[in-house]
> 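Have a look at the structure that comes next, please.
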Amino acid sequence: MPSMKHSDPIEALEGIGRVALKAVTNQALEQNPPAGRRRIIDSYVARLMEASIDPDQRAVHAVVTEMRKALVTDDQIAATYIAQVAARLGDAWVADKLDFGAVTIGAARLQGLLHHLATATIQIDDHGQPPAFLIGVPEGIQHTLGACIVADQLRRRGLFADLQLSLTRRRFSAAFIKQSHVGILLSASGIEHLETLKNLIDCLKSERRGTPVIIGGPILTQIDDILSFLPADFATCDIDEALSFCDVKPVLPRSFGARG
């Protein structure tokens, strides 16, 4: 049996999970922002969190409108604030300050906001389409905000992100027919998805494709040395580590950090 580690309950909430959100957040925030800027960032994060669970569905966009007026860019909202709010929603649930229903609604609204903010950030270079990654969340995982954040981060680096939710072996095979990928990022929230992950990876290997397969998500906090149990090539929840392993460099500079 795999060696199990203590599991944070919020890991059941996210497709990619709190571990990946933490990695994104650590990259997005300045290491030592001035105290005044830190207070402004915290203020907007708190207000965006409140809006995400507000009965009025328009509350989120009202806060975003105010942030834009304060010169906080859409890139900054997507790269910094959404990840911060998602992490705080998880902390609130763990601390029993919010119930699962409220956190689920909040995560869904953040995912909707992320989709709304998505813009055509991919630039085609002289060689045509930029490197493409497949981000896959196995079938059966309902909450996918984390996967959407990771896909958004790849796109904002100028890379192509093929986001596949509720991924099955058949959909996995179909994705390869339509697109050539330089890396496959698969995620699961717990040990119960080990067999599904193995089947998906076996599907790739059976077609004799040399595409690197990287495992991420909360499952990494539950199983010691997951590569001993899955035929993947690498395991990480850090986007830049994944890019480095696949020998891929961002096409665009990261637009992390926040002025507002």
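As a basis for the values below, the full set of heavy atoms in this structure was taken, side chains included, without hydrogen atoms, waters or symmetry mates.
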> Can you tell if the side chain of His116 reaches within under 4.5 Å of the side chain of His61, non-hydrogen atoms only?
yes
> Between the side chains of Asn199 and Thr196, is a donor N or O closer than 3.5 angstrom to an acceptor N or O?
no
> Report the distance from atom CD1 of Ile215 to atom SG of Cys237, rounding to the nearest 0.5 Å.
10.5 Å
> Do you know which two heavy atoms are closest between Ser187 and Gly217, and how far apart they sit?
OG-CA, 3.5 Å
> Hey, any chance Leu89 and Ile105 share a hydrophobic cluster, counting ILVMFWY side chains that come within less than 4.5 Å of each other, even indirectly?
no
> Tell me, do Val45 and Thr80 make a side-chain contact under 4.5 Å, heavy atoms counted?
no
> Does the side chain to side chain contact (heavy atoms under 4.5 Å, CB included) test come out yes or no for Arg169 and Ser206, once each step is laid out?
CA-CA 12 Å; Arg169 184 164 179 149; Ser206 68; 4.0 Å; yes
> Parallel, tilted or perpendicular, judged at 30° and 60°: which one describes the rings of Phe100 and Trp93?
tilted
> Measuring from Ile239:CD1 to Gln153:CD, what's the distance to the nearest 0.5 Å?
5.0 Å
> Under a 4.0 Å threshold between the charged nitrogen and the carboxylate oxygen, would Asp42 count as salt-bridged to Arg88?
yes
> If the threshold is 4.0 Å, N to carboxylate O, is there a salt bridge linking Asp74 and Arg68?
yes
> Go through Val251 and Leu159 one step at a time and tell me if the side chain to side chain contact (heavy atoms under 4.5 Å, CB included) criterion holds.
CA-CA 6 Å; Val251 176; Leu159 304 171; 4.0 Å; yes
> Just so I know, are the side chains of Thr236 and Phe245 near enough to count as touching, which here means a heavy-atom distance under 4.5 Å?
no
> Between Arg171 and Gln164, is there a side-chain donor-acceptor contact under 3.5 Å, judged purely by atom types and distance?
yes
> Are Glu66 and Arg47 close enough for a salt bridge, meaning some N to O gap below 4.0 Å?
yes
> Distance check, rounded to the nearest 0.5 Å: Asp238 atom CG versus Ser244 atom OG?
9.5 Å
> Do Tyr44 and Tyr81 have side chains that get closer than 4.5 Å, going by heavy atoms?
yes
> Can you tell me if Gln179 has over 12 outside heavy atoms packed within less than 6.0 Å of its CD?
yes
> Of the non-hydrogen atoms in Phe172 and Leu200, which two are nearest, and what is the gap between them?
CE2-O, 2.8 Å
> Given the rule in the side chain to side chain contact (heavy atoms under 4.5 Å, CB included) test, do Leu230 and Leu186 qualify, once you have shown the distances and angles that lead to the verdict?
CA-CA 11 Å; Leu230 293 173; Leu186 297 178; over 6 Å; no
> Once rounded to the nearest 0.5 Å, what's the spacing between atom CE of Met67 and atom CG of Leu48?
6.0 Å
> Please say whether more than 12 non-hydrogen atoms of neighbouring residues, nucleotides or ligands are located less than 6.0 Å from CG in Asp225.
yes
> What are the two closest non-hydrogen atoms of Leu197 and Pro138, and how far apart are they?
CD2-CG, 3.9 Å
> Distance from Gln111 atom CD to Ile149 atom CD1, nearest 0.5 Å?
9.0 Å
> Between Lys205 and Asp233, is there a salt bridge with N-O shorter than 4.0 Å?
yes
> Do you know the tightest heavy-atom contact between Leu110 and Ala86?
CD1-N, 3.8 Å
> Could you pull out the closest heavy-atom pair between Ala175 and His181, with the gap in Å?
O-CE1, 3.6 Å
> CG of Asp247: more than 12 outside heavy atoms within 6.0 angstrom?
no
> Using the side chain to side chain contact (heavy atoms under 4.5 Å, CB included) rule, take Arg155 and Leu163 through it: C-alpha gap first, then chi angles, then the decisive distance, then the call.
CA-CA 11 Å; Arg155 290 166 182 154; Leu163 181 60; 4.1 Å; yes
> Are any of the side-chain heavy atoms of Cys246 and Phe234 separated by less than 4.5 Å?
no
> What are the two closest non-hydrogen atoms of Leu117 and Ile82, and how far apart are they?
CD1-CD1, 4.1 Å
> Measuring from Ile184:CD1 to Asp162:CG, what's the distance to the nearest 0.5 Å?
8.5 Å
> Any side-chain heavy-atom pair from Leu165 and Glu139 closer than 4.5 angstrom?
no
